[in-house]
Amino acid sequence: MSLLTVKDLGKSFGGVKAVDGISFELKAGELLALIGPNGAGKSTTFNMVNGQLQADRGSIQLAGKELVGLAPRDIWRLGVGRTFQIAETFSSLTVIENVQMALLSHAGQVFSFFQTARTHERTRALELLEQVGMASQADRPCSALAYSDVKRVELAIALANRPRLLLMDEPTAGMAPKERNALMALTKKLVIEQNIAVLFTEHSMDVVFAHADRIIVLARGRLISQGTSNEVRQDFKVQEVYFGSGATFENETVVSDVHAKTATSTPDHADPLLSVQSLCAWYGAAQILYDVNVEVKRGEVVALMGRNGAGKSTTMKALMGLLEKRTGDVQFMGREISKDAAHRIAASGLGYVPEDRRIFTDLTVLENLEVGRQKGRLWPDGSAAPTWTVQQLFALFPNLGEMPRRPGGQMSGGEQQMLTVARSLMGNPYLVLLDEPSEGVAPVIVEQMVQMILALKKQGVSILLSEQNLHFARLVCDRAYVLEKGQIRFSGTMTELDANEHVRQTYLSV
């Protein structure tokens, strides 16, 4: 008998049918992966099951109990737990206090004159932490944990509700390959031992193929395929709309073959466009970067690599003048910019694509692009630098060309990622800072990102990208810097990084 039964589920936003009549079932003790291209309706489906969105039509039943119309808190109390793509914990509390908060909520105890929260069900909290391998770190603040450990704490919080159904929204986002598979192996173990059903969304196909019992695939709001890993992998329609060539998540041979077909030579320009010396940066009183040195030449693609929290995004924010406290020397196009405001740095031709996208949700695609428009530029020798038009960008990103008047708030995460890149290119930058371009997007979109980066490189645009996906970096990058705890631990070509097993295993978990 099925624990979760979804029938003819539908949801529209304006004239867009985000979910259009999908049906599926999920049994206890089963891991069901919900995958599909960006904009397929995965998050909308996920949020309707959780009660964060109300369905326009259809039925969602948990062990025969109708969930449509219930608030998220009522669905939670029926035994539906959830984890989030960006881990949701109280960073100022300790690990065990986070779990105790969940246990307090589960017990319905909001206030008591006779017992402090720190003593509530401490034994049970430790048992939950033991299940996820975090008991030894029970008294550490969550702010001091590695990101993979924060994900484990979030799983313990979800288990505090003794869920029958666990919803996991991109559970391995932001994690290194070994960490991803370790977390999902732990989840599968708990599913079997506690007879829990798990519905999860995921773009890391190695995780899906290794751990899902079944897979359902959505595209444009409709269910287009379902079955085992092998059945879904061999479905031509799924290959066409979601997997692409598979080069972004397949084995080393495939990645090397695609790189050989798409790689372009780097022009030999002696003077770097960007030269960074002894860059230090702080968030409040906490120092994050320590004497970071980076160089990017014209037409070169360089990767900043490292695990989550290593300092990659902080480096980019510091270069763009988005941190209040920073020191060091930053030369861009031969001019010192370390003291400039962010808008002046952007006007000088340094583009920035943040990880959190930051599009204008109430503006259309075309309006978002117009916001980023700047005049054309010249290289120091007087030749014209690459100039972008809306038509060129729609050719580079066909998905955007199909929705020029769609508001940004009605776009999927992958579509918003493409829009953010396109908006930055409308500024005709000499160099683009690209933060985690492959994170949270479908394999076919990742391939489009690869082609986009190679096209920019061919035109002489430089790119400094922050990335955890080593396969992706191999496809597009000439050189890499590896960071750990805000310090450069390795600098060299991608070939040299491939050959350095110690660096890959120690700092990248690959």
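On a predicted model such as this, the values are computed, not experimentally measured, just so you know.
Contact annotation: the side chain of Val208 never approaches that of Val232 to less than 4.5 Å [non-hydrogen atoms, C-beta and beyond]. No side-chain heavy atom of Val292 sits less than 4.5 Å from a side-chain heavy atom of Tyr481. Leu9 has its side chain out of reach of Ser59: every pair of non-hydrogen atoms, C-beta onward, lies at least 4.5 Å apart. Put simply, the side chain of Leu4 reaches to within 4.5 Å of the side chain of Ile60, judged on heavy atoms. Between Met305 and Phe490 the shortest side-chain heavy-atom distance does not fall below 4.5 Å. With a 4.5 Å cut-off on side-chain heavy atoms, Val6 and Ser23 do not count as touching.
Formation of a donor-acceptor pair under 3.5 Å by the Arg152 side chain with backbone atoms of Val132 is found in this model. Remark: the backbone N or O of Leu34 is not paired with any side-chain donor or acceptor of Thr201 at under 3.5 angstrom. Looking only at distances, a side-chain donor or acceptor of Lys151 sits under 3.5 Å from a matching main-chain atom of Pro171. Checking side-chain atoms of Gln468 against main-chain N and O of Glu436 turns up no donor-acceptor pair under 3.5 Å. The closest donor-acceptor contact from the side chain of Gln417 to the backbone of Pro437 lies under 3.5 Å. Side chain of Gln54 to main chain of Leu70: a donor-acceptor pair is present (N/O by atom type, distance under 3.5 Å, no hydrogens or angles). The backbone N or O of Gly36 sits less than 3.5 Å from a side-chain atom of Lys42, completing a donor-acceptor pair. Checking side-chain atoms of Asn47 against main-chain N and O of Ser43 turns up a donor-acceptor pair under 3.5 Å. When atom types are taken as modelled, the side chain of Asn161 and the backbone of Trp76 share a donor-acceptor pair closer than 3.5 angstrom. Looking only at distances, a side-chain donor or acceptor of Gln239 sits under 3.5 Å from a matching main-chain atom of Arg233.
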Assess whether side chain to side chain donor-acceptor pair (under 3.5 Å) is satisfied between Asp235 and Ser225, documenting all intermediate values. CA-CA 8 Å; Asp235 190 315; Ser225 182; 3.0 Å; yes

Dump the intermediate steps for side-chain contact (heavy atoms from CB on, under 4.5 Å) on Phe24 and Thr45, then the final yes or no. CA-CA 11 Å; Phe24 63 89; Thr45 300; 4.2 Å; yes

Where do Leu165 and Val49 land on the side-chain contact (heavy atoms from CB on, under 4.5 Å) test, with the steps shown first? CA-CA 10 Å; Leu165 170 65; Val49 174; 4.3 Å; yes

Is there a side-chain contact (heavy atoms from CB on, under 4.5 Å) between Val476 and Phe472? Walk through the geometry before answering. CA-CA 7 Å; Val476 299; Phe472 182 87; 4.2 Å; yes

For a side-chain contact (heavy atoms from CB on, under 4.5 Å) check, start with the C-alpha distance between Val238 and Ile224, then their side-chain angles and the critical distance, and finish with the verdict. CA-CA 8 Å; Val238 178; Ile224 63 168; 4.3 Å; yes

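The OG1 atom of Thr228 sits 7.5 Å away from the CD1 atom of Ile215 when rounded to the nearest 0.5 Å. Rounded to the nearest 0.5 angstrom, Cys477 SG and Leu464 CG are separated by 9.0 Å. The structure places OH of Tyr352 at 6.0 Å from CZ of Arg358, a figure rounded to the nearest 0.5 Å. In this structure, CD in Glu154 is found 11.0 Å from CG in Leu159, a value given to the nearest 0.5 Å. Note: Leu304 CG to Asp435 CG = 9.0 Å, rounded to the nearest 0.5 Å. Atom OG1 in Thr315 sits 10.0 Å away from atom CG in Leu433 (nearest 0.5 Å).
Across Phe46 and Phe200, no two heavy atoms sit closer than the pair CE1-CA, 4.3 Å. Residue Gly10 comes nearest to Met48 through the heavy atom pair O-SD, 4.1 Å, listed as atom of the first residue, atom of the second, then distance. Taking every heavy atom of both residues into account, Ala310 and Leu483 meet most closely at CB-O, 3.4 Å. Heavy-atom minimum distance, Asn293 versus Ser278: OD1-N, 2.6 Å. Taking each heavy atom of Val503 and Asn500 in turn, the nearest pair found is N-OD1, 3.0 Å.
Other residues, nucleotides and ligands place no more than 12 heavy atoms under 6.0 Å from the CZ atom of Arg222.
Residues passing the side-chain contact (heavy atoms from CB on, under 4.5 Å) test with Arg214 are Glu30, Leu32, Gln226, sequence neighbours excluded. In this structure, the side-chain contact (heavy atoms from CB on, under 4.5 Å) partners of Ala342, at least two apart in sequence or on a different chain, are Leu322. Looking at residues two or more places apart in sequence or on another chain, you find no side-chain hydrogen bond (donor to acceptor under 3.5 Å, both in side chains) involving Ser229. By the side-chain contact (heavy atoms from CB on, under 4.5 Å) test, Val191 pairs with Leu31, Thr187, Val198, sequence neighbours left out.
Between Arg57 and Asp8 there is a salt bridge, since a side-chain N of the basic residue sits under 4.0 Å from a carboxylate O of the acidic one. Between Arg504 and Glu501 there is no salt bridge, since no side-chain nitrogen of the basic residue lies less than 4.0 Å from a carboxylate oxygen of the acidic one. Of the charged side-chain nitrogens involved, at least one lies within less than 4.0 Å of a carboxylate oxygen, so that Asp213 and Lys188 count as a salt-bridged pair.
Side-chain polar atoms of Gln194 and Gln131 form a donor-acceptor pair below 3.5 angstrom. Side-chain contact check for Arg82 and Gln52: at least one donor-acceptor pair (N or O, by modelled atom type) lies under 3.5 Å.
For residues 483-492, every residue pair satisfying the salt bridge (charged side-chain N to carboxylate O under 4.0 Å, His left out) rule, not counting sequence neighbours, is listed here: Arg307-Glu484.
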Which side-chain N or O atoms in residues 282-290 pair as donor and acceptor under 3.5 Å with protein atoms at least two apart or in another chain?
residue: Tyr283; atom: OH; partner: Thr314; partner atom: OG1; Å: 3.2
residue: Gln287; atom: NE2; partner: Leu289; partner atom: O; Å: 2.9
residue: Tyr290; atom: OH; partner: Gln287; partner atom: O; Å: 3.3

